[in-house]
Amino acid sequence: MTGQVRTVDGRVAGRRGQATRQKLLDCLSEMLSSSPYRDVKVIDVARKAGTSPATFYQYFPDVEGAVLELAEEMAKEGAGLTELVGGRSWVGKAGWQASEELVEGFLDFWRRHDAILRVVDLGAAEGDKRFYKIRMKVLNSVTNSLTDAVKELQSKGRVDKDVSPGAVAGSLVVMLAGVASHQKGFTTWGVKQAELRPNLALLVHLGITGKKPVR
């Protein structure tokens with residue numbers, strides 16, 4: 001945790017206060033993994049953290065405020081997803097490797113943050129601009145880099161000039177997010193997890209390069 005941590009009334013939290021605040025966030029994160037967001041109450045979070053509701057309200061205005069803190073932290077980590085795409089070659093075998101590593105990294109990130117991402121998706125779907133901005137921040141970290149990748153391939157004549165880089169990149173990232181949030185559901189279609197990732201990487205490669213991968 002960097003910078004000064006403040007209480008709701010603006011006071012700077014000391015070391016013990018920061019530790020208490022982080023414990024509340026950790027307990028909330030754990031509860032979101034096993035309980036619907038709407039069912040999580042301040043008193044339950046405080047009890048799990050071994051403290052009181054009054055202490056919770058020193059650091060957060062309500063459960064939603066604490067959830068937004070978790071979401072912002074998740075989005076900061078999500079900014080690192082751009083490294084999965086930035087500066088990568090999409091030509092030949094390197095292109096297939098880039099596709100595989102993008103899929104692996106994206107799905108792994110989504111699985112690690114599944115609970116908070118479900119809440120972010122719910123808030124964004126309900127029109128809450130705060131959650132929408134956080135969701136877009138995560139998706140943009142990949143979309144912008146993929147857009148640049150398509151533009152570079154166009155500049156070298158490897159992708160048709162009529163292709164819209166932003167439309168292709170955005171569509172692929174929304175596809176990745178949809179698959180990532182539905183990973184467990186694929187088993188009901190008889191699709192094994194070991195089959196999902198390489199086939200998703202194939203779609204990504206085809207989408208970016210318009211060609212079958214060289215493996």
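Scope of the values below: all heavy atoms of this structure, side chains included, with no hydrogens, waters or symmetry mates.
One hydrophobic cluster holds both Met175 and Val103 under the rule that ILVMFWY side chains link at heavy-atom gaps under 4.5 Å. One hydrophobic cluster, built from ILVMFWY side chains closer than 4.5 Å, holds both Leu206 and Trp96. Placement of Val191 and Val204 within a single hydrophobic cluster is found when ILVMFWY residues are connected by side-chain heavy-atom separations under 4.5 Å, directly or transitively. No single ILVMFWY cluster, assembled from side-chain heavy atoms under 4.5 Å apart, contains both Val142 and Leu202.
Two residues are said to be in side-chain contact when any heavy atoms from C-beta on lie closer than 4.5 Å; Lys137 and Asn140 fail this criterion. Side-chain contact between Val120 and Val138 is absent, with no heavy atoms from C-beta onward closer than 4.5 Å. With contacts defined as side-chain heavy-atom distances shorter than 4.5 Å, the pair Val67/Phe60 does not qualify. Lys41 has its side chain within reach of Ile43: a pair of non-hydrogen atoms, C-beta onward, lies under 4.5 Å apart. Contact of the Leu28 side chain with the Lys48 side chain is not registered, since no non-hydrogen atoms from C-beta on lie closer than 4.5 Å. Within the 4.5 Å cutoff, no side-chain heavy atoms of Phe131 are placed close to those of Asp121. Inter-residue side-chain proximity for Leu153 and Val91 is flagged as met; some heavy-atom pair is nearer than 4.5 Å. Counting heavy atoms from C-beta on, the side chains of Leu122 and Arg38 come closer than 4.5 Å.
When Leu107, Leu176, Leu200 are each tested for a side-chain contact (heavy atoms from CB on, under 4.5 Å) with Leu102, only one passes: Leu176.
Taking the six-membered ring where the residue is Trp, Trp90 and His205 present tilted rings, their angle falling between 30° and 60°. Aromatic ring pairs are classed by plane angle as parallel below 30°, tilted from 30° to 60° and perpendicular above 60°; the pair Trp110 and Phe106 is parallel. Below 30°, between 30° and 60°, or above 60°: for Phe186 and His182 the angle between ring planes is above 60°, a perpendicular geometry.
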*asked:* Applying salt bridge (charged side-chain N to carboxylate O under 4.0 Å, His left out) to Lys23 and Asp26, what does each step give before you reach the verdict?
replied: CA-CA 5 Å; Lys23 188 172 185 180; Asp26 291 342; over 6 Å; no
*Arg197/Glu100 under salt bridge (charged side-chain N to carboxylate O under 4.0 Å, His left out): CA gap, chis, key distance, verdict*: CA-CA 8 Å; Arg197 295 190 178 204; Glu100 286 187 305; over 6 Å; no
*Derivation and outcome, salt bridge (charged side-chain N to carboxylate O under 4.0 Å, His left out), residues Asp44 and Arg47*: CA-CA 5 Å; Asp44 298 322; Arg47 184 181 294 126; 3.3 Å; yes
*Give the intermediate values and the outcome of side chain to side chain contact (heavy atoms under 4.5 Å, CB included) for residues Arg118 and Leu32.*
CA-CA 9 Å; Arg118 276 190 280 109; Leu32 290 174; over 6 Å; no
_Derivation of the side chain to side chain contact (heavy atoms under 4.5 Å, CB included) call for Ile208 and Leu146_ = CA-CA 8 Å; Ile208 295 296; Leu146 280 182; 3.7 Å; yes
*Would you please test Asp108 and Arg112 for salt bridge (charged side-chain N to carboxylate O under 4.0 Å, His left out) and show each step?*
CA-CA 6 Å; Asp108 286 347; Arg112 285 198 309 275; 5.5 Å; no
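Heavy atoms from other residues, nucleotides or ligands lying under 6.0 Å from CD of Glu195 number more than 12. When the shell of 6.0 Å around OH of Tyr37 is examined, it contains more than 12 heavy atoms from other residues, nucleotides or ligands.
The nearest pair of heavy atoms linking Leu25 to Ala66 is CD2-O, 3.6 Å.
In this structure, the side chain of Ser141 does not engage the main chain of Leu81 through any donor-acceptor pair within 3.5 Å. Using modelled atom types, one side-chain atom of Thr187 and one backbone atom of Lys184 make a donor-acceptor pair closer than 3.5 Å. With hydrogens and angles ignored, the 3.5 Å screen pairs a side-chain donor or acceptor of Gln183 with a backbone N or O of Ala180.
The salt bridge (charged side-chain N to carboxylate O under 4.0 Å, His left out) contacts involving residues 155-174 comprise Glu152-Lys156, where partners must be two or more places apart or lie in separate chains.
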